[in-house]
Colleague: 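Input: one structure, supplied below.
Counting starts at 1 for both ligands and their atoms, in listed order. Note that the coordinates shown come from a computational prediction; the quantities given were computed from them, not determined experimentally.
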Amino acid sequence: MDRRSPFPSTYPWTKAPVIAQAPMLNIAGPELATAVSAAGGIGFIAGGNDVSNLEGKLQKAEQLVREYKAAEGSPDQNRLQLYDGSNLPVGVGFLSWGADLKMALPLIIRYRPCAVWLFAPPNSAADQVPWVEGIRTQTGGSVTIWVQVGSVEDATDAVVKLQPDVLVVQGSDGGGHGLQHSASIVSLVPEIIDHLDAKPSVNANDSLKPKIVAAGGLVDGRGVAVALTLGAEAVVMGTRFLASLEVPIPKGYQQAIIEASDGGIHTIRSAVYDRVRGFLSWPPKYSPRGIVNQTHTDFVAGKVTEQQNYELYQQALKKGNPGYGPNGRLATFAGTAVGLVKEILPAGEIVRRTRKETESILKIDRLAKL
Ligand SMILES: Cc1cc2nc3c(=O)[nH]c(=O)nc-3n(C[C@H](O)[C@H](O)[C@H](O)COP(=O)(O)O)c2cc1C
């Protein structure tokens, strides 16, 4: 990837400002990822920490891409018609603390996703070196490397050790897992850019400079315009796509997203949501942001023990949809911008609308350079 060239020349079906969709564990499947890419964004399938069922998802994505390419309609609605490259026009995201490289690499070689996204190494970026080396060597560099980080320190570590093509800068507002201690993209994106610019080893060598993408709290054109103004070249949205037609989440979860407001108050980053689910392998500096509900409030108020909270959670699981919402107990991961998400839409429509809103806020000549 030529890091000085705009996103659409590396990912030819995309349209600036490029909106990527986060590889949300158990949520971002081939239907969502291909719909986002067909609308001119970059969709990511969640490979997560367990790669054993990834091949079926990649096969399905291949089939959907073939269907999009063969479908009628204007390229404005279906930009995959414009794409004749050999990489799959969707990426795959992996959780570095759990995913197995030996299982993942043959799939990456066979299906050639346009990008591999790495997040949350057990210790540091050094853990991700075998992934980056393996992918680059075995795919001749045709699969680009995206690394998500949440601090200046982790950004520097990733750039020096991995030289990612794209650095996804995840701010504190983001839904799902992120650093327990973090800043919003408003300061984090420019601080990382300034820090990398000031680092002689990085600044002297253009091939070390990744493209910067902002994630966390972005759900519409107003947020995207801000992220681009801060210096990001593209954005990632996760929470916004929870209210899309293509996500296989329970109706109760989706309803809780639509109904939530005032995300700074009604969402919280809390490791309690991992413990009640028995999800204990995350490195300790990460915890998930989700809608505040009884699982969190009862525990911090000392009304339940760890064990009681776990058991109550198992009971809530049996309830299904009514187990969600502020008075429910089920983990409902979402970011602070959830209060701006009011409508369930097709994912492609979300991408097109957000792009249009951004265009009308920013001058078109700024977008032409992205
Ligand atoms: C429900 C949910 C699940 C997520 N799962 C993952 C994941 O498996 N891997 C990952 O790298 N990021 C994951 N994230 C974080 C996203 O990569 C991204 O940083 C975040 O969604 C951006 O903030 P936003 O939700 O405000 O758009 C998840 C986010 C959400 C909302």
Side-chain angles (χ1 to χ4, degrees), residues 19-29 32-33 36 41-51 54 57 91-99 115-121 128 146-151 154 158 164 166-179 182 184-186 188-189 213-220 223-224 226-227 232 234-244 247-250 253-254 256-257 260 263-264 267 269 273-274 277 279 281-283 286-291 324 330-341 347 350-351 354:
I19 295 161
Q21 156 260 310
M24 297 177 282
L25 186 60
N26 299 328
I27 293 174
L32 177 63
V36 167
I42 304 178
F44 279 85
I45 294 171
N49 55 302
D50 176 4
V51 183
L54 179 59
K57 293 178 191 168
V92 182
F94 295 98
L95 292 170
S96 296
W97 54 261
V116 162
W117 160 310
L118 304 175
F119 181 48
Q128 294 164 322
W146 294 39
V147 175
Q148 179 166 246
V149 294
S151 69
D154 287 354
V166 173
L167 195 63
V168 181
V169 176
Q170 185 197 40
S172 51
D173 292 299
H177 285 81
L179 289 182
S182 53
S184 84
I185 57 164
V186 174
L188 190 58
V189 166
V213 170
L218 305 174
V219 293
D220 62 21
V224 176
V226 167
V235 299
V236 166
M237 303 199 307
T239 297
R240 182 61 191 91
F241 290 108
L242 295 172
S244 69
V247 289
I249 61 176
Y253 188 156
Q254 217 162 31
I257 296 294
T267 72
R269 222 170 254 298
Y273 291 122
D274 277 340
R277 295 180 308 139
F279 218 76
S281 306
W282 273 89
Y286 299 92
S287 61
R289 181 181 288 285
I291 291 176
Y324 290 94
L330 296 178
T332 314
F333 293 164
T336 60
V338 67
L340 293 166
V341 180
I350 292 171
V351 174
T354 307

Colleague: Quick one: does Phe94 get within less than 4.0 Å of ligand 1, heavy atoms only?
Modeller: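 Checking ligand 1 against Phe94, which is what was asked, there is no heavy-atom contact under 4.0 Å.
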Colleague: Using a 3.5 Å cut-off on N or O atoms only, is His177 in polar contact with ligand 1?
Modeller: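 For ligand 1, there is no N or O atom that lies under 3.5 Å from one belonging to His177.
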Colleague: Hey, can you tell me if Phe279 and His177 have their rings parallel, tilted or perpendicular (30° and 60° cut-offs)?
Modeller: tilted
Colleague: Between Thr239 and ligand 1, does any nitrogen or oxygen pair lie at a separation below 3.5 Å?
Modeller: yes
Colleague: Determine, using heavy atoms of Tyr253 and all atoms of ligand 1, whether some pair is separated by less than 4.0 Å.
Modeller: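 Within the 4.0 Å threshold, so yes.
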Colleague: Is it the side chain, the backbone, both or neither of Gln148 that has a heavy atom closer than 4.0 Å to ligand 1?
Modeller: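 Side chain only.
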Colleague: Which residue from Gly217, Gly216, Gly223 reaches closest to atom 22 (C) of ligand 1 through any of its heavy atoms?
Modeller: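 Among Gly217, Gly216, Gly223, the closest heavy atom to atom 22 (C) of ligand 1 belongs to Gly216.
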Colleague: Select one of side chain, backbone, both or neither to describe which atoms of Leu95 lie under 4.0 Å from any atom of ligand 1, heavy atoms only.
Modeller: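 Within the 4.0 Å criterion, Leu95 contacts ligand 1 through side-chain atoms alone.
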Colleague: Decide whether an N or O pair under 3.5 Å exists between Leu242 and ligand 1.
Modeller: no
Colleague: Would you give me the side-chain donor-acceptor pairs under 3.5 Å for residues 234-242, sequence neighbours excluded?
Modeller:
residue : atom : partner : partner atom : Å
Thr239  : OG1  : Gly335  : N            : 2.8
Arg240  : NH1  : Ala243  : O            : 3.3
Arg240  : NH1  : Glu343  : O            : 3.4
Arg240  : NH2  : Glu343  : O            : 3.1

Colleague: What do you reckon, does Pro23 put a non-hydrogen atom under 4.0 Å from ligand 1?
Modeller: yes
Colleague: Which of the numbered atoms in ligand 1 are below 4.0 angstrom from a heavy atom of Met237?
Modeller: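 Per the distance check, 27 (O).
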Colleague: Which atoms from ligand 1 have a heavy atom of Ile27 less than 4.0 Å away?
Modeller: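 In order of numbering, the contacting atoms are 1 (C).
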Colleague: Using a 3.5 Å distance criterion without hydrogens, assess whether the side chain of Tyr324 forms a donor-acceptor pair with backbone atoms of Ile257.
Modeller: no
Colleague: How long is the gap from CG on Leu32 to OG on Ser244, to the nearest 0.5 Å?
Modeller: 5.0 Å
Colleague: Return the closest protein heavy atom for atom 16 (C) of ligand 1 as residue, atom name and distance.
Modeller: Ala22 CB, 3.5 Å
Colleague: Suppose I only count heavy atoms of Gly176 and a 4.0 Å limit; which atoms of ligand 1 are within that range?
Modeller: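 Once the distances to Gly176 are compared, the set is 29 (C), 30 (C), 31 (C).
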Colleague: Output all residues satisfying ring-ring contact (aromatic ring centres under 6.0 Å, His included) with Phe44, sequence neighbours left out; order by chain, then residue number.
Modeller: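 Once residues adjacent in sequence are excluded, the partners of Phe44 under the ring-ring contact (aromatic ring centres under 6.0 Å, His included) criterion are Trp117, Trp146.
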Colleague: Please list, in number order, the atoms of ligand 1 under 4.0 Å from a heavy atom of Trp117.
Modeller: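 Here the atoms of ligand 1 in question are 10 (C), 11 (O), 17 (O).
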